[in-house]
Amino acid sequence: MKFVATTSCPTGIAHLAAESLEHGAARSGHDIHVETQGASGSEPLDPAVIAAADGRWRGCPTHRAVRGNPSFPRYFDRKRK
């Protein structure tokens, strides 16, 4: 299967999480592309990669990580009370 993921953290954990996800996917025979958003910058995913994914995962979500991110188009569709 093909997966996309977004990890976000201002202290560098986003990149460690991405490495763990990539390692786990490879061991399981899956393909994963991870968008990291952290202290050292952001590596956005290509929209074509997102569209081709069978599943999506977000880790350590922050407002910055998911709002306007094509990986998670419905995350903020609901109005907050």
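The structure displayed is predicted, hence computed values, not measured ones.
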*I would like to know whether Val34 and Glu22 meet side-chain contact (heavy atoms from CB on, under 4.5 Å); could you show each step before the answer?*
CA-CA 8 Å; Val34 183; Glu22 290 164 352; 4.1 Å; yes
*Quick check: does any side chain N or O of Asp54 sit under 3.5 Å from a backbone N or O of Phe3, one acting as donor and the other as acceptor?*
no
*Can you check side-chain contact (heavy atoms from CB on, under 4.5 Å) on Val49 and Val4, steps first, answer last?*
CA-CA 8 Å; Val49 171; Val4 292; 3.9 Å; yes
*Any chance you could measure Glu19, atom CD, to Thr36, atom OG1, to the nearest 0.5 Å?*
9.5 Å
_Gln37 to Ser42 - nearest heavy-atom pair and separation_ = CG-OG, 3.6 Å
*Identify the two heavy atoms, one from Met1 and one from His30, that lie closest to each other, and give their separation to 0.1 Å.*
N-ND1, 3.1 Å
*Heavy atoms, side chains only, cut-off 4.5 Å: are Trp57 and Leu21 in contact?*
yes
*Quick one: NE2 on His15 to OG on Ser20, what's the gap to the nearest 0.5 Å?*
13.0 Å
*Are side-chain heavy atoms of Ile50 and Arg56 found at a separation under 4.5 Å?*
yes
*Nearest heavy-atom neighbours spanning Ala5 and Leu45*: O-CD1, 4.0 Å
